[in-house]
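Letters A, B, ... mirror the listed sequences (proteins, then strands); counts begin at 1.
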Amino acid sequence: MSKEFRVRIAPSPTGEPHVGTAYIALFNRCFAKSRGGKFILRIEDTDQGRSTAQSEQSIFDSLNWLGLSWDEGPDVGGPYGPYRQSERLELYKKHVQQLLDTGKAYKCFCTKDDLDSLRKRQEFEKRPAVGYFASDSPCRNLSESEVEEREKRGLPFVVRLKVPNEDPDGEITFFDHIRKKDISRKYSEIDEQILLKSDSFPTYHLANVVDDHLMDISTVVRGEEWIVSTPKHVLLYKAFGWDCPDFYHLSLLRNPDKNKSKISKRKNPVSLRWFRAAGYTPQALLNFLALMGYSRISEGKTKEELASLEMFSIEELIKEFDPDRISSSGPAFDYEKLGVINDSYMQSMSVEEFCRYQNDRLVYLMEYLGELAPEVKNRFRRFDREVCHVTDFLFRMKMNYSPQEFSKVKIAPKETAAMLKTIQKNFKDNAVSINSVAEFKNVIAEIIGNNGFDNRAAHMALRVAMVGSAESLPLYESMSALGVYRCISRIDEAVTFLNSLS
RNA sequence: GGCCCCGUCGUCUAGCGGUUAGGACAUCACUCUUUCAAGGUGGAGAUCACGGGUUCGAAUCCCGUCGGGGUCACCA
């Protein structure tokens with residue numbers, strides 16, 4: 001039988017739809033379409049605690065907004081369904097049993113405490129690596145009767161994959177098509193991965209391998225963060241006696257700061273909903289994302305050709321897509337260049353297209369704003385400006401502070417800066433719990449009380465720091481819409497500005 | 001820290017043994033425009049992370065060092 005070219009993306013429905021998901025989806029889709037293959041969407045909702053239906057829906061919505069549609073998936077169906085892992089539990093159980101029967105996996109009865117003390121011991125012995133290795137496993141060689149006895153007592157267990165341990169120097173190798181080289185890892189450095197959790201849900205590793213095989217995935221295009229666990233996956237394919245797909249590990253999008261860490265919401269907006277509400281067009285975002293990992297520039301082009309080579313549609317990309325041209329170094333996400341590309345797409349629109357686009361965008365923006373939407377609407381006349389002007393603070397990456405606005409705090413810039421610093425420290429200490437309008441209100445009141453700040457000055461300082469203006473939407477709501485991490489970095493920006501006023 | 005990956009202008013990149021190291025964004029200057037953008041022209045900006053090799057010749061191949069990132073969960 002001839003092998004069909006099939007790729008997939010497998011996001012997990014937790015939290016906001018991530019720009020990284022779109023990045024991976026883009027390359028998967030281009031790859032598939034350029035080969036006349038299929039692009040599949042599979043929902044990896046094996047984390048019972050964190051997966052939500054709402055998050056799943058916003059993955060669908062965001063990807064559809066971008067035009068990154070899929071040929072098979074939970075919503076559109078397909079011949080390899082179901083496409084939601086929570087609906088495939090029986091399949092995983094069956095396959096785990098197969099591994100158990102063939103001695104490739106075993107039941108492990110170690111408790112959380114056992115694992116903790118194992119790690120402590122490894123740290124105490126100054127072992128180079130900590131983890132549940134074959135040599136550390138008390139459960140690996142349990143006799144059949146011992147296992148039976150424990151099960152009878154109702155002890156909870158997980159199922160772990162056996163890593164070959166006969167040859168101390170043995171290693172496993174796979175070929176990475178982005179880096180165009182073999183990547184190897186020693187067996188002795190691979191821990192015995194949990195396949196089935198004690199809630200009898202599969203882990204990512206098991207579900208992913210089983211599904212990729214069952215869904216006939218020929219090519220895996222995913223993020224670089226999976227490179228280290230790929231040997232485990234290869235081991236699993238081998239344990240089942242299956243062929244491995246081809247692996248393409250895309251390098252990760254990075255924060256544009258000097259360290260270039262993996263792009264994260266702690267430092268920058270990453271939600272696709274944010275980009276949409278901010279007024280980036282799908283074509284611009286896609287074009288920009290493609291540029292991050294793919295270059296069409298090559299030798300022998302004329303000057304005219306070179307000038308327009310960075311502006312292209314996904315259709316054009318598909319037409320000439322060459323996976324060998326995907327770059328292997330981690331690109332910094334340049335919000336400024338995104339803006340420039342977006343401008344350029346705006347200019348190429350007709351007036352009619354522009355109106356249609358902005359109308360849709362306004363509707364979406366209000367939905368995105370949620371409880372803030374009525375406030376925005378109410379201020380429309382008072383501000384006598386565009387609605388978007390009032391919400392601009394949410395979408396700008398760099399503030400444009402003015403001394404006049406900060407003068408309305410009515411205390412010296414230095415004092416204002418110190419006050420903001422204090423507030424910021426409290427935000428940092430409690431970041432995870434500050435996630436609602438009410439929380440912002442409580443925390444700010446508490447800080448003001450504890451430090452004896454002037455109530456009015458503190459609020460005005462925060463308002464100007466957050467929005468750049470003494471006139472704004474309600475403060476707590478604005479801060480909540482911004483999210484605590486962006487509030488924190490905005491205070492940094494404000495403090496820098498205030499200190500520059502001598 | 002162990003292991004893995006990556007390393008060309010500030011940023012995204014071209015380059016695959018011989019180039020004045022090319023382009024794009026940002027930046028600067030000039031220009032066009034009744035203004036502001038856009039457009040046009042030009043400039044500056046990279047000892048190709050560093051140190052050793054191999055070679056007549058290295059950004060390109062090899063080794064080492066350094067730097068950055070990723071990963072070490074009953075999360076994906």
Side-chain angles (χ1 to χ4, degrees), chain A residues 10-15 18 21 43-51 85 108 110-112 115-116 119 122-123 126-133 156-160 171 176 178-181 183-186 188-191 193-208 222-232 249 251-263 288-303 305-311 324-325 327-341 343-344 346-348:
Chain A
S12 62
T14 57
H18 201 277
T21 304
I43 294 292
E44 307 225 330
D45 55 349
T46 56
D47 186 339
Q48 291 191 86
R50 295 195 306 151
S51 299
Q85 291 188 327
C108 169
C110 288
T111 62
K112 190 112 182 78
L115 262 26
D116 278 348
R119 196 182 51 241
Q122 290 173 332
E123 278 164 5
K126 295 234 176 359
R127 293 252 294 266
V130 297
Y132 202 91
F133 297 100
F157 64 87
V158 300
V159 176
R160 288 180 187 271
E171 58 179 29
D176 180 79
I178 297 287
R179 280 149 262 276
K180 302 177 180 64
K181 60 182 256 194
I183 295 175
S184 308
R185 224 166 141 210
K186 288 210 176 86
S188 58
E189 284 158 359
I190 303 175
D191 60 305
Q193 183 59 49
I194 291 178
L195 266 19
L196 208 63
K197 305 183 232 179
S198 55
D199 64 3
S200 79
F201 265 58
T203 57
Y204 166 84
H205 305 282
L206 191 257
N208 183 269
R222 74 217 311 185
E224 189 184 23
E225 72 262 42
W226 296 111
I227 246 180
V228 289
S229 46
T230 303
K232 285 176 184 173
H249 289 98
S251 49
L252 268 13
L253 260 19
R254 311 292 186 85
N255 289 310
D257 54 25
K258 86 173 196 299
N259 275 348
K260 303 222 299 176
S261 50
K262 169 161 99 170
I263 196 166
F288 171 74
L289 252 18
L291 242 24
M292 293 287 87
Y294 192 87
S295 172
R296 305 202 307 157
I297 296 171
S298 57
E299 290 203 322
K301 301 269 184 193
T302 66
K303 214 171 172 193
E305 285 173 323
L306 282 173
S308 59
L309 232 40
E310 291 210 335
M311 302 296 294
D324 284 345
R325 294 194 70 81
S327 73
S328 57
S329 58
F333 197 102
D334 186 348
Y335 287 84
E336 190 156 343
K337 182 152 185 176
L338 205 210
V340 172
I341 291 176
D343 288 347
S344 155
M346 289 294 167
Q347 278 167 25
S348 67

**OP:** Looking only at side-chain atoms of A/Arg160, point me to the closest of B/rC12, B/rC74, B/rG70.
**Re:** B/rC74
Please give the distance between the [atom1] atoms of [N] and [M] as a whole number of Å.
| N | M | atom1 | answer |
| --- | --- | --- | --- |
| B/rU35 | B/rG43 | C1' | 27 Å |
| B/rG69 | B/rC63 | P | 24 Å |
| B/rA46 | B/rC4 | C1' | 29 Å |
| B/rC6 | B/rU65 | C1' | 16 Å |
| B/rC48 | B/rU60 | C1' | 10 Å |
| B/rA59 | B/rU8 | C1' | 7 Å |
| B/rU19 | B/rU34 | P | 48 Å |
| B/rG64 | B/rG70 | P | 24 Å |

Subject >> A/Asp191/A/Arg160 ion pair, N-O < 4.0 Å >> reply: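 No salt bridge links A/Asp191 with A/Arg160.
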Give a yes/no answer on whether the side chain of [X] brings an N or O atom under 4.0 Å of OP1 or OP2 in [N].
| X | N | result |
| --- | --- | --- |
| A/Lys180 | B/rC16 | no |
| A/Lys181 | B/rC5 | yes |
| A/Thr14 | B/rA76 | no |
| A/Lys232 | B/rC3 | no |
| A/Arg325 | B/rG15 | yes |

What does [X] touch in the nucleic acid at a heavy-atom separation under 4.0 angstrom: a base, only the sugar-phosphate, or nothing?
| X | answer |
| --- | --- |
| A/Ser198 | base |
| A/Cys110 | base |
| A/Lys262 | sugar-phosphate |
| A/Arg127 | nothing |
| A/Ser251 | nothing |
| A/Val158 | base |

Subject >> Any strand: nucleotide that pairs with B/rG2 via Watson-Crick or wobble, under 3.5 Å >> reply: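 B/rU71 is the nucleotide pairing with B/rG2.
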Original post:
With both distances under 3.5 angstrom, what nucleotide forms a Watson-Crick or G-U wobble pair with B/rC66?
Top reply: B/rG7
Original post:
side-chain hydrogen bond (donor to acceptor under 3.5 Å, both in side chains) with A/Asp176: which residues, sequence neighbours excluded?
Top reply: A/Arg179, A/His249
Subject >> Whichever of A/Ser261 and A/Ser328 has its nearest RNA chain B nucleotide further upstream toward 5' >> reply: A/Ser328
